[in-house]
Amino acid sequence: LAIQESRINQAAQVFFVEAGDAFSLIRDQRLYKGSYSNFDDYCQKRWGYTRYRVNQICRGASIWHQLAASERINVLPSSERVARELVNVDSQQRIEAWSDAVESSAAGQPTVNDVKQAVERVQKRAQWTIGSSAVVEIGPHKGKVVEVVEIQNNGAVIQGQVPEIPTSFPFLAGELSIIEVAPDPEPVPKAPTLRERNQMMKALLLKVLTEAILSPELSAEIKLALAD
């Protein structure tokens, strides 16, 4: 416990990831047992933090590690508050949003607001589906309703069909607002297996045997086939 607390004391002044990693170890391995009744009690009495606040630090550290493990990422969050803006997106969208935030930030080190806006852009891109309808918000086609015919660059660029114009046009995702999402395509029926086909055939033969007027020879052949 003393070793992990030393990491927290030093990290509080230097780097949130060390603190988050140490808190996670203390929580998960219950290193506070013996001196404190539970983790909430430990956080409050030892550090003056609520358990909720400590868990925020832990989540921030976890997100930092995930980004650090990606080959696409060269710049990492400078604070737990910045990293925490990525908590409500899945792992793939998290990397996309962070990359977007780095590219769009003025200083190359995203702020909380940079990340928040990047997350909104990535979540918006995820909504696009072929056949969706969208209204153009800016540019020469402003106000026109277009049909999405192609999605490029993970939703960053939308190819839209403008009414009465034979060719489609590329739009940035931020230039469009979805007004109707295309329904999911009907699932393709799964082909029956050989076993299922045999069962269907036997059921058909049994129906013929019981409902049709057959010669004794044909009835015997069908019974033989059903017995296999």
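Just so you know, these numbers come straight off a predicted model, no measurement behind them.
No side-chain heavy atom of Phe169 sits less than 4.5 Å from a side-chain heavy atom of Val146. A heavy-atom distance below 4.5 Å is found between the side chains of Leu86 and Val115. Contact annotation: the side chain of Ile151 approaches that of Ile158 to within less than 4.5 Å [non-hydrogen atoms, C-beta and beyond]. Using a 4.5 Å heavy-atom cutoff, the side chains of Gln66 and Ser91 are in contact. Looking at heavy atoms from C-beta onward, Asp21 lies in side-chain contact with His65 at the 4.5 angstrom threshold.
Side-chain atoms of Ser104 and Arg121 include a donor-acceptor pair closer than 3.5 Å.
In this structure, the side chain of Ser70 does not engage the main chain of Leu67 through any donor-acceptor pair within 3.5 Å. A donor-acceptor pair under 3.5 Å links the side-chain atoms of Trp98 to the main chain of Val75, judged by distance alone. A donor-acceptor distance shorter than 3.5 angstrom exists from the side chain of Gln161 to the backbone of Ile165, with no hydrogens or angles considered. When atom types are taken as modelled, the side chain of Asp114 and the backbone of Thr111 share a donor-acceptor pair closer than 3.5 angstrom. The backbone N or O of Ile95 lies less than 3.5 Å from a partner atom in the side chain of Ser99, making a donor-acceptor pair.
Ring-plane geometry between Tyr32 and Phe39 is classed as tilted, the angle between the planes lying from 30 to 60 degrees on a 0 to 90 degree scale.
Salt bridge annotation for Glu80-Arg84: present, with a cationic side-chain nitrogen under 4.0 angstrom from a carboxylate oxygen.
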